[in-house]
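Down below is the structure, laid out as C-alpha cells.
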Amino acid sequence: MTPPARATPPTRSADPTAPAPAAARGPAVDPGSPSCGRPTATPRGGLLRHRDFRLLWAAQTSSAVGSNVTAVALPLVAVTVLDASTFGVAVLTAAAWLPWLLVGLPAGAWVDRLPRRPLMIACDVACALLFLSVPAAAAFGVLTVTQLLVVAFGAGLARVFFETADQVYLPVLLRPEQVPEGNAKLQATQTASYVLGPGVAGVVAQAAGAVTALLLDALSFLFSAACLLRIRTVERRPGRAGRSRSLRREMAEGIRFVARDPYLRVLTAFGAASNVGLIGYQAVLVVFLVREARLAPAPVGALVAAMSLGGIVGALLATTLGRRLGTARAMLLAAALTGPPALLIPLAGPGGRLALPAIGGMLVSLGVAVGNVLKGSFRQTYTPHHLLGRVTVSMQMLNYGTIPLAAVLAGAVGAAHGAGTATAVMTGWLALTPAILLIGPLRRRRDMPVAPKLP
C-alpha cells in the first residue's frame, strides 16, 4: 500500500544471484563515479556521503513535496475556483490512477528494456509542463474541470513509468545490503513531504490562490530532473536479445512470478484491498473538511499535514522494528496500525474534534510508512533483478488499479449521502483489511525469506 503521492518510492532492489544483463556501451565514467553498471561501495559516513544517492534522494524529495502540494491544491482548485461537485473531485483522483489499469503491465516490460534514468527525467519534464498549463489557463480565464482531468491523467501516466523505473533504479546505485538504509531514507523524506506539502499548499492557497500553489509542483519536477541529470553512474541494460522477446510473454512472466509466490501474492492482495479504503477516504477528504467540517484552506492543509506526521516516525523506525521484531512480525504490526485507527478520521469537526482525525491519521501514516519500507526492501532483494520491473508493476497494477474504482465509489457515495458518510464507509473498510495478511505465511514467520524457493 502506498500513499497517493507520485514519488514514493514505495519501493526498489536486486537479487545478488540473478544473472547480470549485458553491459551497455556509453560514455567514459567520471573518475570519481562508480564503475559502469556496478553499485559503488558505501564511503565512510554511510549513504549521506554517496554522491549519486544524494542526488536521487534530492530529486525524489523535491518531487514528493511538490506532489503533496498538488494533492491538496488540485482539489482546492476544483472546489474553490471551479465549484466542482463531490463526485467531480473524486473523479480527479480516479483519473490520476487510471493509467495503472491501462498501461501498468506493458510499462513494466518496457522499463526492463529501457535505460531508467533518461526515462525518469522525461517523466519529470512532462509533469512540469502539465502542471504549468493550469495557472496558464487560469490566467487566460479558460481553466475547466476537463483540463484538470487531463492534467491528472497525464501526470498519472508519467507516474506509472517514473515509479516503475525508480524502483528498479535504486539497486543500480546501491549494493543489496545498502538497500534497506536507502529505502528508509527515501521513505522518511517521502513521508515528511506529506507534512510539508499540504501545509504549504494550504498557506499558499489562502494567501495567493490554489492555482498559484500548482506552480510549486511544476518547479519541483524541474529540480528533480536537474538532479537526475547530474547522476554519474552508467547503468547496464538488456542487450538486443532481451528486447526481441515478445512483450506479452515478458508481462506474463511477471504476473506468474507474483501469482505463484505466497509472500508476494498476499502482500499484493493486502495492498489492493487497503488502497480501496485509504485512497477512497482521501479522494473526498478535502470536500468533507471544507464543506461539512467548515474549515478554511489553511486549516485543511494543516490538518492533512498533521495526519501525516506519523509517517516520518514510521520511516525512521522501520528498519529498527524489522531488526528487533523480525521483518514479518513488523509488517503485521504496521498493518494493524494502518487499519483500525482510521475509524477516528470521519469524527472530524470544529474545535477539539480536529484532534481525532489528526491522531487517527498519524497512526495510519505511521503504519503505511513502516509497511512501505519493509515491503519495498523485501521485494527488491527477494525478486531476481531481471524480473524486478515486471514483478513491481504487476503488484502495483493490482495495488493501484483498485484506486480509480475506490475514488469513483467514494465520490458516488459522497454525492448520494454526503462526503462525511463516504469517509466513514471507506475508513470502515480500511479497518478490516489487516486480516488479509493473516491468510498467508507471514503469521508463521519472524522474518521474511531472502530468496524464493527453487521449484
Side-chain angles (χ1 to χ4, degrees), residues 2-13 21 24 55-56 59-60 62-64 66-67 70 93-131 133 150-173 186 190 217-218 220-229 231 235-238 242-243 247-248 250-251 253-255 258 376 379-380 383 385-401 403-404:
T2 308
R6 183 190 71 263
T8 246
T11 41
R12 287 154 285 253
S13 186
L55 288 169
L56 179 65
Q60 291 191 351
S62 171
S63 60
S67 291
T70 298
T93 300
W97 294 94
L98 184 60
W100 286 101
L101 280 175
L102 300 181
V103 299
L105 285 177
W110 287 327
V111 166
D112 278 341
R113 298 177 175 199
L114 298 171
R116 286 81 185 207
R117 186 170 65 103
L119 179 60
M120 294 162 66
I121 293 169
C123 290
D124 272 338
V125 173
C127 286
L129 295 175
L130 284 166
F131 284 110
S133 74
V150 171
V151 169
F153 180 84
L157 186 63
R159 180 183 179 190
V160 171
F161 288 94
F162 185 98
E163 283 202 1
T164 306
D166 173 51
Q167 293 171 27
V168 181
Y169 190 59
L170 186 65
V172 172
L173 303 183
L186 293 171
Q190 174 69 22
D217 197 13
S220 75
F221 281 108
L222 294 176
F223 180 82
S224 174
C227 289
L228 292 171
L229 277 169
I231 291 177
E235 61 180 308
R236 294 184 177 188
R237 58 188 175 185
R243 294 181 209 167
L247 187 65
R248 182 175 299 178
E250 291 187 4
M251 291 189 293
E253 284 179 354
I255 295 172
V258 173
R379 180 173 60 207
Q380 292 163 338
T383 305
H385 190 63
H386 69 284
L387 285 173
L388 185 54
R390 283 162 281 169
V391 166
T392 295
V393 84
S394 295
M395 295 180 70
Q396 285 181 330
M397 189 198 71
L398 294 172
N399 286 348
Y400 295 165
I403 289 176

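- Contact between L228 and R117 at its shortest, heavy atoms only, is O-NH1, 2.7 Å.
- Side-chain contact between F221 and V125 is absent, with no heavy-atom pair separated by less than 4.5 Å.
- Across all non-hydrogen atoms, the minimal contact from M395 to V258 is CG-CG2, 3.8 Å.
- To the nearest 0.5 Å, atom CG of residue D124 and atom CG of residue L119 are 10.0 Å apart.
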Exercise. What's the verdict on side-chain contact (heavy atoms from CB on, under 4.5 Å) for I255 and V391, showing C-alpha distance, side-chain angles and the deciding distance?
Worked result: CA-CA 7 Å; I255 295 172; V391 166; over 6 Å; no
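- Across every non-hydrogen atom of F162 and M120, the tightest pair is CD1-O, 3.6 Å.
- Contact between P99 and L157 at its shortest, heavy atoms only, is CG-N, 3.4 Å.
- Considering only residues two or more places apart in sequence or on other chains, A126 meets the side-chain contact (heavy atoms from CB on, under 4.5 Å) condition with none of them.
- By the side-chain contact (heavy atoms from CB on, under 4.5 Å) test, L229 pairs with I121, sequence neighbours left out.
- Here C123 contributes atom SG and F161 contributes atom CZ; the two are 7.5 Å apart, rounded to the nearest 0.5 Å.
- In terms of heavy-atom proximity, R159 sits nearest to W97 at NH1-CH2, 2.5 Å.
- Contact detail for L56 and Y169: the closest heavy-atom pair is CD1-CD2, 4.3 Å.
- S224 contributes no side-chain N or O that, together with a main-chain N or O of S62, makes up a donor-acceptor pair within less than 3.5 Å.
- With hydrogens and angles disregarded, a donor-acceptor distance shorter than 3.5 Å links the side chain of S133 to the backbone of L130.
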